[in-house]
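Residues: numbered from 1 along the sequence shown. Remember, it's a predicted structure, so these values are computed and weren't measured experimentally.
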Amino acid sequence: MRTATLGPAERGEALARMAERELDVLVVGGGVVGAGTALDAATRGLATGLVEARDWAAGTSSRSSKLIHGGLRYLEMLDFALVREALKERGLLLERIAPHLVRPVPFLYPLQHKGWERFYAGSGVALYDAMSISSGHGRGLPTHRHLTRKHALSVAPCLKKDALVGALQYYDAQMDDARYVATIVRTAAAYGADVANRARVVGFLREGERVVGARVHDLEQGGEFEIRARQVVNATGVWTDDTQGLIAERGQFHVRASKGIHLVVPKDRIHSTTGLILRTEKSVLFVIPWGRHWIVGTTDTDWDLDKAHPAASSADIDYLLEHVNSVLSTPLTRDDVQGVYAGLRPLLAGESDATSKLSREHTVAHPVPGLVVVAGGKYTTYRVMAKDAVDEAVHGLDQKVADCVTEDVPLMGAEGYKALWNTRARIAQRTGLHVARVEHLLNRYGSMIDEVLALITADPTLGEPLAAADDYLRAEVVYAASHEGARHLDDVLTRRTRVSIETFDRGTLSAREAAELMAPVLGWDNGQIEREVEHYEKRVEAERESQRQPDDLTADAARLGAPDIQPR
């Protein structure tokens with residue numbers, strides 16, 4: 001089993017190596033597409049580097065609906081090619097690439113009209129299942145079924161009796177998006193890629209019209225240095241146009257940001273054994289099972305304010321509550337909301353004014369020699385986007401390069417996961433952990449569970465849960481800093497774990513305990529611990545304040561009241 005550690009020492013070594021040699025491919029942007037591109041390039045034998053200005057998945061790729069899906073609504077738009085491609089990828093991720101991170105999830109679609117709607121919606125879901133199976137990678141999911149109203153209400157007692165005349169149930173898949181990206185990055189490093197977060201590209205190197213690398217600012221240790229590369233890939237998502245601006249060249253396309261917000265509520269607030277999918281006047285609304293919680297989302301509105309910290313307004317929250325409450329027998333209130341998060345979709349700008357009508361297709365371009373741009377798309381098809389980006393970069397390398405192999409490359413933790421899952425009771429007996437804890441660890445780390453358990457063996461206190469967030473063990477905080485590239489408290493509470501959206505205090509009660517666990521790994525003194533905790537508390541308060549504001553402008557201003565964390 002290949003493994004790689006992304007601790008502070010490894011980050012420094014990776015930056016040093018990138019600065020001292022010419023790479024074949026330098027990828028800019030550490031979201032799912034950038035991480036996937038680095039993995040694709042590295043597994044073709046190319047000398048590969050990956051830099052990210054903030055944390056892995058800090059932008060769009062940690063703020064999605066957490067779904068791996070074919071895009072059922074795109075069938076209605078007759079976008080069969082996109083759906084077929086996404087369904088194939090869904091099957092690959094479930095079966096081969098990341099079975100430890102991607103798992104099936106059921107959805108109930110309430111029918112509100114007798115006769116025609118069951119035929120219309122049922123035909124669509126039947127086609128969805130057929131396309132999945134025909135891809136050769138969809139047999140692991142149950143097929144859809146038709147339910148009477150009585151049966152639907154037994155499956156989802158939370159629904160109002162007059163909200164449906166019957167229902168359809170079908171399956172898609174879900175994952176923890178930020179954890180998924182961090183695992184891709186580690187896998188890329190295991191295959192030889194040099195990777196570094198908190199390394200911001202501040203300019204491109206040029207020789208004539210050709211881009212030959214990038215100038216990078218190390219936000220942790222300070223200083224600027226040059227990374228030379230034969231091809232640079234811009235995979236910066238909603239920042240695509242900003243990154244293109246660094247070479248003072250007009251792009252061949254533009255990326256427009258669409259804001260989607262999600263609410264997180266406790267499991268007991270919605271009595272159901274299945275997720276829900278509901279139609280709205282603009283799009284669809286999901287109620288998604290999420291451990292001991294539900295995720296309710298999403299919205300779809302244009303956004304042209306701060307991209308780093310998109311803010312959810314009071315109007316956004318009211319919109320979701322109003323729509324989900326239209327079908328719930330016991331309505332949700334603001335007091336039921338544990339967490340709120342907002343993300344931006346990178347959509348290829350088109351003729352339509354409505355962001356929900358813009359394309360989720362992706363595009364790849366070579367605007368100037370030495371620079372490839374990849375943009376658009378959806379999370380589920382990240383691997384295809386990465387393949388297309390590397391294929392385009394290869395055209396500029398003037399050498400024979402192997403074809404893409406990522407369809408057959410499991411992510412770290414996938415190999416041996418199913419065997420370990422079958423022996424989880426023995427692992428629990430051996431370690432003294434409850435079997436539910438072992439299942440939790442297996443579904444986050446897969447076969448890398450041994451690395452987490454080794455920390456507990458060395459220090460048994462790490463086998464205890466966080467005092468104010470008992471879904472997570474103390475060892476997971478240490479592991480995030482020592483193995484997964486977490487550099488700051490926010491990285492751990494918001495992305496390596498989901499404490500920031502899964503507790504009513506939004507992680508503030510866990511901040512000090514987590515910071516003190518990270519400190520020895522990252523070399524923090526007491527002053528840095530205090531700065532980390534203070535920054536996190538201010539960030540949470542700024543987000544809470546933004547969510548009390550009536551509109552995007554005031555919400556954005558409130559959220560920007562908390563500055564980004566600075567190292568020592």
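Salt bridge D490/R495: present, at least one basic N to carboxylate O contact under 4.0 Å. A salt bridge links R559 with E543: the closest approach of a Lys/Arg side-chain nitrogen to an acidic carboxylate oxygen falls below 4.0 angstrom. For the pair E530 and R512, the salt-bridge criterion is met [side-chain N within less than 4.0 Å of a carboxylate O]. For E541 and R548, the salt-bridge test passes: some basic side-chain N is under 4.0 Å from an acidic carboxylate O. Between K259 and D316, at least one side-chain nitrogen of the basic residue sits less than 4.0 Å from a carboxylate oxygen of the acidic one, meeting the salt-bridge criterion.
The backbone N or O of Y382 sits nowhere less than 3.5 Å from a side-chain atom of H362 that would complete a donor-acceptor pair. E476 places a side-chain N or O within 3.5 Å of a backbone atom of L473 that can act as its donor or acceptor partner. Using modelled atom types, no side-chain atom of Y445 and backbone atom of D450 make a donor-acceptor pair closer than 3.5 Å. In terms of modelled atom types and a separation under 3.5 Å, the side chain of R487 and the main chain of D55 share no donor-acceptor contact. Listed for the Y479 side chain is no donor-acceptor partner under 3.5 Å among the backbone atoms of E451. No side-chain donor-acceptor contact under 3.5 Å links Q549 to the backbone of S313. Distance alone, capped at 3.5 Å, is enough to place a donor-acceptor pair between the T299 side chain and the I261 backbone. Side chain of T273 to backbone of V155: a donor-acceptor contact under 3.5 angstrom is found. Panel note: side chain W294, backbone I270; a donor-acceptor pair is recorded below 3.5 Å. R186 places no side-chain N or O within 3.5 Å of a backbone atom of T183 that could act as its donor or acceptor partner.
How far CD1 of I184 is from CG of L101: 9.0 Å, rounded to the nearest 0.5 Å. We find the CG-CG distance between D552 and D302 to be 9.5 Å, quoted to the nearest 0.5 Å. S314 OG to L321 CG: the interatomic distance, rounded to the nearest 0.5 Å, is 9.5 Å. Atom-to-atom distance recorded for T508:OG1 and E537:CD is 6.5 Å, nearest 0.5 angstrom. Here the CD1-CG distance, from I277 to L67, works out to 9.0 Å after rounding to the nearest 0.5 Å. Between the OG1 atom in T240 and the CZ atom in R256 there is a gap of 15.0 Å [rounded to 0.5 Å].
Side-chain contact between V296 and V337 is absent, with no heavy atoms from C-beta onward closer than 4.5 Å. Taking the side chain as every heavy atom from C-beta outward, T60 and P346 approach each other to under 4.5 Å. Annotation: side chain of R383 is not in contact with side chain of L93 (no heavy-atom distance under 4.5 Å). L441 places a side-chain heavy atom less than 4.5 Å from the side chain of L433. Looking at heavy atoms from C-beta onward, P289 lies in side-chain contact with V105 at the 4.5 angstrom threshold. Using a 4.5 Å cut-off on side-chain heavy atoms (C-beta onward), K160 and V327 make no contact. Side-chain contact between L517 and L466 is present, with at least one heavy-atom pair separated by less than 4.5 Å. No side-chain heavy atom of Y180 sits under 4.5 Å from any side-chain heavy atom of S61.
Nearest approach of L420 to I449, heavy atoms of both residues: CD1-CG2, 4.3 Å. V492 and A480 make their closest contact through CG2-CB, 3.9 Å (heavy atoms, listed as atom of the first residue, atom of the second, distance). Looking at every heavy atom in both residues, V255 comes nearest to V238 through CG1-CA, 4.1 Å. The minimum heavy-atom distance between V181 and G30, with the atom names listed, is CG1-O, 3.5 Å. Across L111 and A121, no two heavy atoms sit closer than the pair CD2-CB, 4.2 Å. Smallest separation of non-hydrogen atoms from A156 and S272: CB-OG, 3.5 Å.
Y472 pairs with exactly one of R496, R498, R444, E502 by the side-chain hydrogen bond (donor to acceptor under 3.5 Å, both in side chains) rule, that one being E502. Test I288, D471, L263, V265 against H293 for side-chain contact (heavy atoms from CB on, under 4.5 Å) and you get one pass: D471. The only member of V195, L50, V51 that meets side-chain contact (heavy atoms from CB on, under 4.5 Å) when paired with V27 is L50.
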task: Dump the intermediate steps for side chain to side chain contact (heavy atoms under 4.5 Å, CB included) on F286 and T298, then the final yes or no.
output: CA-CA 7 Å; F286 287 103; T298 180; 5.8 Å; no

| said: I'd like to know whether L164 forms a side chain to side chain contact (heavy atoms under 4.5 Å, CB included) with L153, so could you lay out the CA-CA distance, the side-chain angles of the two residues, the decisive distance to 0.1 Å, and finally the verdict. | reply: CA-CA 9 Å; L164 71 165; L153 290 171; 3.9 Å; yes

Requested in this report: Go through the steps for L489 and H535 under the test side chain to side chain contact (heavy atoms under 4.5 Å, CB included), then give the verdict.
Outcome: CA-CA 9 Å; L489 180 60; H535 167 265; over 6 Å; no

Going through the distances and angles, do S546 and H309 end up as a side chain to side chain contact (heavy atoms under 4.5 Å, CB included)? CA-CA 11 Å; S546 71; H309 306 293; over 6 Å; no

Between R103 and E439, does a salt bridge (Lys or Arg N to Asp or Glu O under 4.0 Å) hold up when you go through it step by step? CA-CA 13 Å; R103 55 196 55 89; E439 290 176 353; over 6 Å; no

Stepwise side chain to side chain donor-acceptor pair (under 3.5 Å) test for T274 and Q169: CA-CA 9 Å; T274 178; Q169 188 173 49; 3.1 Å; yes

*Can you check salt bridge (Lys or Arg N to Asp or Glu O under 4.0 Å) on R63 and D177, steps first, answer last?*
CA-CA 8 Å; R63 303 160 188 247; D177 48 10; over 6 Å; no

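The aromatic ring centres of Y170 and Y109 sit 6.0 Å or more apart. Two rings, from H488 and Y536, have their centers 6.0 Å or more apart.
Between the side chains of R544 and Q547, no donor-acceptor pair of N or O atoms lies under 3.5 Å. Remark: the H69 side chain and the T380 side chain contain no N/O donor-acceptor pair separated by less than 3.5 Å. With 3.5 Å as the limit, one finds a donor-acceptor pair spanning the side chains of T243 and T236. Between R437 and T431, the side chains place no donor N or O within less than 3.5 Å of an acceptor N or O (distance only, hydrogens not considered).
For residues 322-332, the side-chain hydrogen bond (donor to acceptor under 3.5 Å, both in side chains) pairs, not counting sequence neighbours, are E281-H323.
Taking the six-membered ring where tryptophan is involved, the planes of Y341 and H262 are essentially parallel, since the angle between them stays under 30° and well short of 60°.
In the displayed structure, K267 atom NZ is contacted under 6.0 Å by more than 12 heavy atoms of other residues, nucleotides or ligands.
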